[in-house]
K.L.:
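One structure coming up, written as structure tokens, with questions to follow.
Below, all heavy atoms of this structure are taken into account, side chains as well, without hydrogens, waters or symmetry copies. By convention in this document, chain letters (A, B, ...) are assigned in the order of the sequence lines, proteins followed by strands, and residues within each chain are numbered from 1.
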2 protein chains.
Amino acid sequence: MTAQPPAASRPRGRERARLNRETVLAEALALADADGLDGLGMRPLSQRLGVVPMALYKHVANKEDLLDGMIDLVWAEVEMPDAERGWRTSMGDRSRSLRQALKRHPWAIGLMEARLRPGFANLAQHNAMMGCLRGSGFSFRTTVHVTSTLDAFVYGFALQERSLPFDTAEQSGDVAEQKLQDAPPEAAAAFPHLLEVVRELGAAGYDYDTEFETGLALVLDAVERLRPEWRAELPSP
Amino acid sequence: MTAQPPAASRPRGRERARLNRETVLAEALALADADGLDGLGMRPLSQRLGVVPMALYKHVANKEDLLDGMIDLVWAEVEMPDAERGWRTSMGDRSRSLRQALKRHPWAIGLMEARLRPGFANLAQHNAMMGCLRGSGFSFRTTVHVTSTLDAFVYGFALQERSLPFDTAEQSGDVAEQKLQDAPPEAAAAFPHLLEVVRELGAAGYDYDTEFETGLALVLDAVERLRPEWRAELPSP
DNA sequence: ACCTGAACACCGTTCAAGT
DNA sequence: ACCTGAACACCGTTCAAGT
């Protein structure tokens with residue numbers, strides 16, 4: 001599974017470029033993307049870099065420091081909001097961009113807000129988000145509510161997208177059916193509404209993109225009503 | 001830290017009740033609550049039960065099966081919605097109940113929807129949620145949108161509540177200030193809106209309960225507008 | 001300055017053996 | 001039927017040593 005060629009075939013000595021923090025972080029990101037957080041070991045990582053495990057500790061303090069660096073690489077991939085483009089399109093695009101980044105790096109979902117030492121991209125992103133909303137007329141308190149709720153939606157959606165055991169709309173119906181069959185036999189008959197889910201998802205499926213856009217529009221519509229100025233800006237009927 | 005008294009002081013032989021799946025799952029829940037998912041090892045768990053690690057494998061197939069059982073215990077703690085009480089209060093209370101359960105068992109947050117073999121409580125909960133919304137006049141498709149969005153909010157909020165590095169409103173300001181100070185020195189000056197966060201959270205703080213209720217009301221308000229019948233039920237002005 | 005090797009205290013799980 | 005013991009292939013990290 002994770003079998004690797006022996007040391008002889010790995011680059012080493014003059015063949016291998018000098019290790020630095022940047023290359024360690026980049027390789028760690030690739031390893032986590034491929035094998036998940038469980039696969040991200042200091043030993044497998046060192047092997048990919050053609051080096052002995054302890055060599056990594058010259059470039060990262062420990063695994064926590066490694067994760068700090070990786071998470072800031074993910075933050076750097078997220079588009080920054082900008083009040084100039086209007087808060088709604090700007091915050092919407094940022095949310096889509098965050099979801100896509102979390103899709104590329106599913107192992108990062110629970111870690112994005114957990115950093116005690118946030119990196120530069122992390123700080124820049126949060127600063128831009130606050131700036132976008134404050135600059136669009138939201139009060140400080142409302143800005144906090146909006147970021148908290150919108151981020152909760154994006155993180156939670158990404159979590160569901162990662163953990164639901166199907167990837168495509170076609171699979172969703174099959175999985176739902178399988179789940180109900182594997183469940184305790186008395187269950188299937190007792191849960192009529194799950195039978196409807198099986199039937200409907202079997203026919204039309206569950207599409208993540210559609211669900212995300214629907215939920216995002218729902219939240220942004222609700223946010224629109226929080227802004228004190230919103231009535232004045234609606235086109236008069 | 002995880003030091004335990006030696007074998008001599010643990011119950012064993014006739015002193016210890018016969019092990020069964022129920023007690024293994026309950027003790028595993030307590031261990032995960034205390035030490036997190038990282039602390040939940042087969043060895044520490046077996047030690048708490050006064051038994052050798054391999055004894056557990058008579059009662060759970062493996063760690064995955066152990067987690068399946070634990071997650072269904074968490075689902076069993078979540079209040080089930082009921083159309084009789086009205087979809088809004090009913091879904092609201094279920095969301096609060098789910099958040100509280102995830103607060104008691106933070107290790108469970110990423111796992112609630114990830115079960116390939118969902119337990120009875122899990123199926124019952126999802127069936128009740130579908131039933132509550134379908135029975136309140138929502139179409140199947142809208143019901144899917146609503147559960148997807150509402151759950152995303154609750155899971156995402158729970159994730160933030162778990163991972164943000166402060167617990168109380170008082171702490172939030174201090175942590176914000178500390179974060180900005182620990183960050184690269186050029187950062188503090190470059191991010192004016194984060195300075196506002198430090199200032200405001202230092203004064204008023206960030207209260208999770210308030211934020212949750214605000215976000216929940218915002219989402220439920222938006223859901224209200226999705227129901228085709230909503231206009232008819234509003235009191236005429 | 002950077003990399004190595006051996007060691008320590010951990011994992012989940014298999015297999016064969018005990019009672 | 002239920003529990004034990006030894007073993008295997010893994011972890012992250014420390015410490016002392018090499019170049």
K.L.:
Check nucleotides 13-19 of chain C for protein N or O atoms closer than 3.5 Å to its own N or O atoms and list the pairs.
P.N.:
residue : atom : partner : partner atom : Å
C:dT13  : OP2  : B:Y57   : OH           : 2.9
C:dT13  : OP2  : B:K63   : N            : 3.1

K.L.:
Using a heavy-atom cut-off of under 4.0 Å over every strand shown, decide if A:L40 touches base, sugar-phosphate, or nothing.
P.N.:
sugar-phosphate

K.L.:
Atom CG of A:L67 and atom P of D:dG12: how far apart are they, to the nearest Å?
P.N.:
11 Å

K.L.:
Measure from the side chain of B:V52, starting at C-beta and using heavy atoms only, and say which of D:dC2, C:dC2, D:dT4 lies closest.
P.N.:
D:dT4

K.L.:
Is it true that B:R117 and B:D68 have a side-chain N and a carboxylate O under 4.0 angstrom from each other?
P.N.:
no

K.L.:
Nearest-Å distance, CG (B:L49) to P (D:dC2)?
P.N.:
15 Å

K.L.:
CG of A:D35 versus P of D:dC11: gap in Å, rounded?
P.N.:
11 Å

K.L.:
Represent DNA chain D in dot-bracket notation, 5' to 3'. Only Watson-Crick or G-U wobble pairs with both distances under 3.5 Å count; pseudoknot-style crossings use [ ] and interstrand partners use |.
P.N.:
||.|||||...|||||.||

K.L.:
Run the salt-bridge test on A:D65 and A:R21 with the 4.0 Å N-O cut-off and return the result as yes or no.
P.N.:
yes

K.L.:
Any side-chain heavy atom of A:S95 within less than 4.5 Å of one from A:L150?
P.N.:
yes

K.L.:
Round to the nearest Å and state the distance from B:L66 atom CG to C:dC11 atom C1'.
P.N.:
15 Å

K.L.:
Atom CG of B:L201 and atom CZ of B:R199: how far apart are they, to the nearest 0.5 Å?
P.N.:
11.0 Å

K.L.:
Between B:W75 and B:H105, does the ring centre distance come in under 6.0 Å?
P.N.:
no

K.L.:
Examine B:Y155 together with B:F157 and report whether their ring centres are nearer than 6.0 Å.
P.N.:
no

K.L.:
Centres of the B:F212 and B:F153 rings: under 6.0 Å?
P.N.:
yes

K.L.:
Check this for me: does any side-chain nitrogen of one of A:D167 and A:R162 sit under 4.0 Å from a carboxylate oxygen of the other?
P.N.:
no

K.L.:
Please state how far atom CD in B:Q47 lies from atom C1' in C:dC11, giving the value in whole angstrom units.
P.N.:
14 Å

K.L.:
Among A:D93, A:D209, A:D151, exactly one meets salt bridge (charged side-chain N to carboxylate O under 4.0 Å, His left out) together with A:R99. Which residue is that?
P.N.:
A:D209

K.L.:
Over how many whole Å does the gap from A:L56 atom CG to C:dC3 atom C1' extend?
P.N.:
11 Å

